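I have placed the structure first, in the form of structure tokens, so that the comments after it can refer back to it.
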Amino acid sequence: ADDATVRSMTSKIEELNFERVIDEAPADPSTYGFNPYTVRVAFKAKGKPEPKEFQIGEKTQVGYNQYLRVTGSPRVLLTSSSVKSVYDRDLLSLRAKEVIRAERETIQRLEFRNPKTAKGVVLRRTNERWIADGDPSLDLDQESVKNIARDLANLRIRDFDDDAPKDLKKFGLDKPD
């Protein structure tokens, strides 16, 4: 899961509050966007035996607030409209998208290889300087190497095509070296 998204969702639960009770027992909950609800959030709090759940209904007519109710209670509450945007997520937005979980500063070695010629170069970081293995006197463009390390650390997945592909050929990954 994406750490920042999960932190946002859990911290919103911690600070979740309501402004006031709109209706103690609505005759027609669909008036407020329930039956069905727009979003349902279920969670288990540490040290609590039972999971908790709440439902998010429609926005108010003015649009600055959202209707909310705790599962098991008929009461319709008024809360911030930002609550829905935190929880109304698709699977892609919840998934971790880092290709490499590393900070640029932690990358100590880079290897570049041409699979057709089998030629390559290995760069290694010593303190704040990058050197070429086998030829430490080679004058490397330090900024370019740092930028490559930064780009690798920041590399993100845009979309997940197939979690368990049976044929890697269509992705060009059928012949790893």
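Just so we're clear, the structure is a prediction, and the values are computed from it rather than from any experiment. When reading the values below, keep in mind they use all heavy atoms of this one structure, side chains included, and skip hydrogens, waters and symmetry mates.
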Report task. Indicate if V76 and V41 have the same hydrophobic cluster label, given that clusters are the connected sets of ILVMFWY residues with side-chain heavy-atom separations under 4.5 angstrom. Result -> no
Query raised in the report: Should L94 and V6 be regarded as members of a common hydrophobic cluster, given that ILVMFWY residues are connected when their side-chain heavy atoms come within less than 4.5 Å of each other, either directly or indirectly?
Result: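 Different clusters: L94 never reaches V6 through Ile, Leu, Val, Met, Phe, Trp or Tyr contacts under 4.5 Å.
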Query raised in the report: Does the distance from a Lys or Arg side-chain N to an Asp or Glu carboxylate O, for D141 and K146, drop under 4.0 Å?
Result: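 K146 and D141: not salt-bridged.
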Query raised in the report: Charged N to carboxylate O below 4.0 Å: is that the case for R40 and D88?
Result: no
Query raised in the report: Taking the six-membered ring of F34, is NZ or CZ of R69 closer than 6.0 Å to its centre and within 45° of its axis?
Result: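 Pair R69/F34 counts as cation-pi.
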Restricting to non-hydrogen atoms, name the atom on [X] and the atom on [Y] that form the minimum distance, rounded to 0.1 Å.
X    : Y    : value
P74  : P26  : O-CD, 3.1 Å
A102 : A153 : O-CB, 3.2 Å
A1   : R101 : O-NH2, 3.8 Å
I56  : T38  : O-OG1, 2.7 Å
S8   : R89  : OG-NH2, 4.4 Å
Q66  : E58  : NE2-C, 3.3 Å

Is there a donor-acceptor contact under 3.5 Å from the side chain of [X] to the main chain of [Y]?
X    : Y    : result
D23  : A25  : yes
D28  : S30  : yes
Q108 : R124 : no
K52  : E50  : no

Can you find a heavy atom in the side chain of [X] that is under 4.5 Å from one in the side chain of [Y]?
X    : Y    : value
P165 : F171 : yes
F18  : R75  : yes
Y37  : F54  : no
N154 : E103 : no

Quick one: list whatever passes side chain to side chain donor-acceptor pair (under 3.5 Å) with [X], sequence neighbours left out.
X    : value
D135 : S137
N147 : R150
T31  : none

Enter the distance from [X]:[atom1] to [Y]:[atom2] here, rounded to the nearest 0.5 Å.
X    : Y    : atom1 : atom2 : result
L16  : Y87  : CG    : OH    : 6.5 Å
S93  : D2   : OG    : CG    : 8.5 Å
T60  : Y67  : OG1   : OH    : 5.5 Å
L68  : I22  : CG    : CD1   : 11.0 Å
T126 : I131 : OG1   : CD1   : 4.5 Å
L78  : E19  : CG    : CD    : 5.0 Å

Query raised in the report: With a cutoff of under 4.5 Å between side-chain heavy atoms, which Ile, Leu, Val, Met, Phe, Trp and Tyr residues group with F160?
Result: L92, V99, I100, I107, L110, F112, V121, L123, W130, L138, L140, V145, I148, L152, L155, I157
Report summary line: Excluding V62, membership of its hydrophobic cluster (Ile, Leu, Val, Met, Phe, Trp, Tyr; side-chain heavy atoms within less than 4.5 Å) reads Y64
**Report entry** Q61 atom CD: more than 12 heavy-atom contacts under 6.0 Å
**Finding:**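 12 or below, so no.
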Requested in this report: Please say whether more than 12 non-hydrogen atoms of neighbouring residues, nucleotides or ligands are located less than 6.0 Å from CZ in R158.
Outcome: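 Open: at most 12 neighbouring heavy atoms sit under 6.0 Å from CZ of R158.
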Requested in this report: Evaluate the side chain to side chain donor-acceptor pair (under 3.5 Å) criterion for residues K12 and S82: first the C-alpha distance (whole Å), next the side-chain angles of each, then the deciding distance (0.1 Å), finally the verdict.
Outcome: CA-CA 9 Å; K12 194 66 170 179; S82 67; 3.0 Å; yes
**Report entry** Set of residues satisfying salt bridge (Lys or Arg N to Asp or Glu O under 4.0 Å) with respect to E111, sequence neighbours excluded
**Finding:**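 Scan of E111 (salt bridge (Lys or Arg N to Asp or Glu O under 4.0 Å), adjacent residues dropped) gives R109, R113.
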